[in-house]
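Working notes, structure below.
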Amino acid sequence: MTEPQQRHPASWWEQFPEASERFDTAHLTEGLGELINPNIASQLLRREAEIATEVMVRHLNKPESGDLAERAAKSAERLVATLDRIEDRSGDPSMVAEARATCHLLLGRLGEAAHAAEAFVPTQKVLRAFVGALRMERFDVDLAVKMLASGFEPAAAIRSGQIVGKYSWWPSWLLQVITERAMDGQLDDETVEALDKCAYADLDPVQVRVARRLLAGEDALIDASAQRLEALGEAHAAEKLRAGDLATVALAARLVMSSQ
């Protein structure tokens with residue numbers, strides 16, 4: 001039997017709009033509405049929710065329009081009133097749970113909408129809707145979503161997505177390294193700066209393999225490489241390599257392999 005997915009509290013979801021000055025509420029409302037509304041069992045209720053969502057999205061895209069603002073507010077109020085009547089008659093809130101999620105969304109309670117939606121929409125899809133609404137340039141959406149799904153807080157995942165997006169021109173092997181570092185929670189400014197130096201190193205495939213192993217912290221290879229650096233008159237680089245200085249990895253990989 002499949003266990004229900006763990007749901008995030010509304011306060012967790014509310015961190016996303018605070019993380020980006022360009023957060024696009026219209027984009028989120030449309031995307032989250034497309035995830036929520038198809039789950040409303042009643043065809044008539046589902047259609048009412050879809051219309052209300054469509055009108056709200058139009059209003060959010062044109063906030064200066066007084067007519068759209070009025071229509072959006074009335075559509076949301078009408079949907080809330082409909083759900084209240086159904087719930088009063090049935091005495092069972094679960095009968096309108098999916099449509100309630102849409103109401104939260106239309107009333108601007110984004111965190112509550114997401115929390116409610118997680119009961120019947122895969123979290124990954126809800127995460128993508130929120131991350132997409134950040135509207136960040138040079139941003140690695142896949143990494144951010146992967147980190148969020150793995151339990152990282154939004155601030156850490158968004159920061160890593162920005163970093164990796166900024167350095168998308170790096171060679172694929174190095175992007176894989178920085179992604180692994182991010183997923184391990186080991187991505188800081190010092191690490192990024194050191195890896196950036198590796199990106200400019202123009203290593204051949206053999207040197208890349210050595211560099212990856214050095215970055216992975218293989219003690220035996222680090223010690224052997226340090227000894228070879230010392231033999232080449234690079235005692236300072238050898239010392240830094242043993243101390244875990246990532247900036248020396250590219251130099252070590254190039255000199256060690258060229259000396260063989």
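Being a predicted model, the structure only gives us computed values, none of them experimental. Along the sequence shown, the residues carry numbers beginning at 1.
- Cluster membership for Val141 and Leu35, using ILVMFWY side-chain heavy atoms within less than 4.5 angstrom, is shared.
- For the pair Arg22 and Leu134, the minimum side-chain heavy-atom distance is 4.5 Å or more.
- Rounding to the nearest 0.5 Å places CD of Glu118 at 5.5 Å from NE2 of His8.
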Derivation and outcome, salt bridge (charged side-chain N to carboxylate O under 4.0 Å, His left out), residues Asp142 and Arg128: CA-CA 9 Å; Asp142 290 338; Arg128 285 197 172 273; 2.8 Å; yes
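- Of all heavy-atom pairs spanning Ala114 and Val126, the tightest one is CB-CG1, 4.0 Å.
- Note on Leu106: it clusters hydrophobically with Leu45, by side-chain heavy-atom contacts below 4.5 Å among ILVMFWY residues.
- Counting heavy atoms from C-beta on, the side chains of Phe16 and Val131 come closer than 4.5 Å.
- Within the 4.5 Å cutoff, the side chain of Ile158 has no heavy atoms near those of the Leu148 side chain.
- Side chain of Asp223 to main chain of Asp219: no donor-acceptor pair is present (N/O by atom type, distance under 3.5 Å, no hydrogens or angles).
- Nearest approach of Ala226 to Arg242, heavy atoms of both residues: CB-CZ, 3.5 Å.
- To the nearest 0.5 Å, atom CG of residue Leu60 and atom CE of residue Met56 are 6.0 Å apart.
- Contact between His104 and Ala116 at its shortest, heavy atoms only, is CD2-CB, 4.4 Å.
- Across all their heavy atoms, Ala144 and Phe139 have their closest contact at CB-CZ, 3.7 Å.
- Other residues, nucleotides and ligands place more than 12 heavy atoms under 6.0 Å from the CZ atom of Arg46.
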message: Pair Lys74, Glu70 - check salt bridge (charged side-chain N to carboxylate O under 4.0 Å, His left out), show working.
response: CA-CA 6 Å; Lys74 287 184 178 179; Glu70 183 178 354; 3.1 Å; yes
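- Both Trp173 and Leu187 belong to a common hydrophobic cluster when Ile, Leu, Val, Met, Phe, Trp and Tyr are linked at side-chain heavy-atom distances under 4.5 angstrom.
- You'll find the side chain of Arg100 reaches within 4.5 Å of the side chain of Glu87, heavy atoms only.
- Atom CD of Glu239 has 12 or fewer neighbouring heavy atoms from other residues, nucleotides or ligands inside a 6.0 Å radius.
- Side-chain heavy atoms closer than 4.5 Å link hydrophobic residues (I, L, V, M, F, W, Y) into clusters, and following such links, even through other members, never connects Leu44 to Ile40.
- The line from CG of Asp24 to CD of Glu30 is 9.5 Å long, rounded to the nearest 0.5 Å.
- The environment of Glu180 atom CD is dense: over 12 non-hydrogen atoms of other residues, nucleotides or ligands sit within 6.0 angstrom.
- Closest of all the heavy-atom pairs between Gly111 and Glu14 is CA-CG, 3.9 Å.
- Applying the salt bridge (Lys or Arg N to Asp or Glu O under 4.0 Å) rule to pairs touching residues 152-176 yields Arg159-Asp189, sequence neighbours excluded.
- Using a 4.5 Å heavy-atom threshold, the side chains of Arg85 and Asp88 count as separate.
- Looking at Leu143 and Met183, their side chains come closer than 4.5 Å, going by heavy atoms from C-beta outward.
- Using modelled atom types, one side-chain atom of Arg7 and one backbone atom of His115 make a donor-acceptor pair closer than 3.5 Å.
- Side-chain N/O atoms of Thr102 and Asn37 include a donor and acceptor closer than 3.5 Å.
- At a threshold of 4.5 Å between non-hydrogen side-chain atoms, the residues Trp13 and Leu110 do not count as touching.
- The local environment of CD in Gln186 is crowded, with over 12 non-hydrogen atoms from other residues, nucleotides or ligands closer than 6.0 Å.
- Here the straight-line distance linking atom NZ of Lys125 with atom CD1 of Ile36 works out to 13.0 Å at 0.5 Å rounding.
- Minimum interatomic distance between Leu105 and Gly33 (heavy atoms only, all atoms of both residues): CD2-N, 3.6 Å.
- When only modelled atom types and interatomic distance are considered, His59 and Arg71 share no side-chain donor-acceptor pair under 3.5 Å.
- The structure places CD of Gln15 at 11.0 Å from CZ of Phe130, a figure rounded to the nearest 0.5 Å.
- Legend: residues meeting side chain to side chain contact (heavy atoms under 4.5 Å, CB included) with Ser75, ordered by chain and number and at least two apart, are Ala52, Val55, Arg78.
- Residues Val121 and Val145 are members of one and the same hydrophobic cluster, defined by side-chain heavy-atom contacts under 4.5 angstrom among Ile, Leu, Val, Met, Phe, Trp and Tyr.
- In this structure, Asp140 and Ser168 have side chains that are not in contact, with every pair of non-hydrogen atoms separated by 4.5 Å or more.
- The line from CD1 of Ile86 to OG of Ser42 is 6.5 Å long, rounded to the nearest 0.5 Å.
- Counting non-hydrogen atoms of neighbouring residues, nucleotides and ligands closer than 6.0 angstrom, the CD atom of Glu64 exceeds 12 such neighbours.
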